[in-house]
Amino acid sequence: MKSEPEAFGIDDLAAAPGATAMWDGVRNYQARNLIRDHMRPGDRALLYHSNTRPPGVVGIVEVVSEPYPDPTAFDPDEAHYDPKSDPQAPRWFCVDVRLRERLPRQVTLAALRACPALEGSPLLRRNNRLSIVPLTGAQWGAVLALAEGR
DNA sequence: GCCAACGTTGGC
DNA sequence: GCCAACGTTGGC
């Protein structure tokens, strides 16, 4: 799960009550489908900081809610307001996530690119604009191995 | 339904 | 700050 730390990063999540926050604002259909159709309580995800120097994976979060309609889509005062999302037929979904741990050290995009086990991951596709990408178990393990310096 | 214009993302 | 990629919009 990708976010810009300037907007909402691992420090913001850590500072939230219960280290838990609503992962809102996803406005991409592919990412929406991943949330709505695949995320369930207990699932874990890597937290990735984008648009920062250096970009990379910084922590592990846990999904702690079922997917539910993103309330920020209904609120004209919200930056991600979408008048086309009808509360009766919500277009956008979110989940609540809780910070489980900060990685002992950030796994930079450069390190991810240099890791053979991650070759072909959608995360590393050039100009990846998906804010949520799926990982295989092997890829998950490879990222954690990098974080632990193995 | 096509496609050009436009806006956004995000690495560098 | 630049720029490539790509999703979205809207005129036709």
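On a predicted model such as this, the values are computed, not experimentally measured, just so you know. Proteins come first, then strands; the chains are lettered A, B, ... in the order of their sequence lines, and each starts at number 1.
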Close N or O pairs between protein and nucleotides 3-11 of chain C (under 3.5 Å):
residue: C:dA4; atom: N3; partner: A:Asn127; partner atom: ND2; Å: 3.2
residue: C:dA5; atom: O4'; partner: A:Asn127; partner atom: ND2; Å: 3.2
residue: C:dC6; atom: O2; partner: A:Arg129; partner atom: NH1; Å: 2.9
residue: C:dT9; atom: OP1; partner: A:Lys84; partner atom: NZ; Å: 3.1

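Within 6.0 Å of the CD atom in A:Gln30, the count of heavy atoms belonging to other residues, nucleotides or ligands does not exceed 12.
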For a side-chain hydrogen bond (donor to acceptor under 3.5 Å, both in side chains) check, start with the C-alpha distance between A:Arg32 and A:Ser131, then their side-chain angles and the critical distance, and finish with the verdict. CA-CA 9 Å; A:Arg32 187 278 310 271; A:Ser131 61; over 6 Å; no
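Ion pairing between A:Arg36 and A:Asp70 fails under the 4.0 Å rule for side-chain N and carboxylate O.
Partners of A:Trp92 according to the ring pair (Phe, Tyr, Trp, His ring centres under 6.0 Å) rule, which considers only residues two or more places apart in sequence or in another chain, are A:Tyr29.
Along DNA chain B, the nucleotide nearest to A:His80 and the one nearest to A:Ala110 differ in position, and the one closer to the 5' end is contacted by A:His80.
Rounding to the nearest 0.5 angstrom, the gap separating the CZ atom in A:Arg113 from the OG1 atom in A:Thr108 is 10.5 Å.
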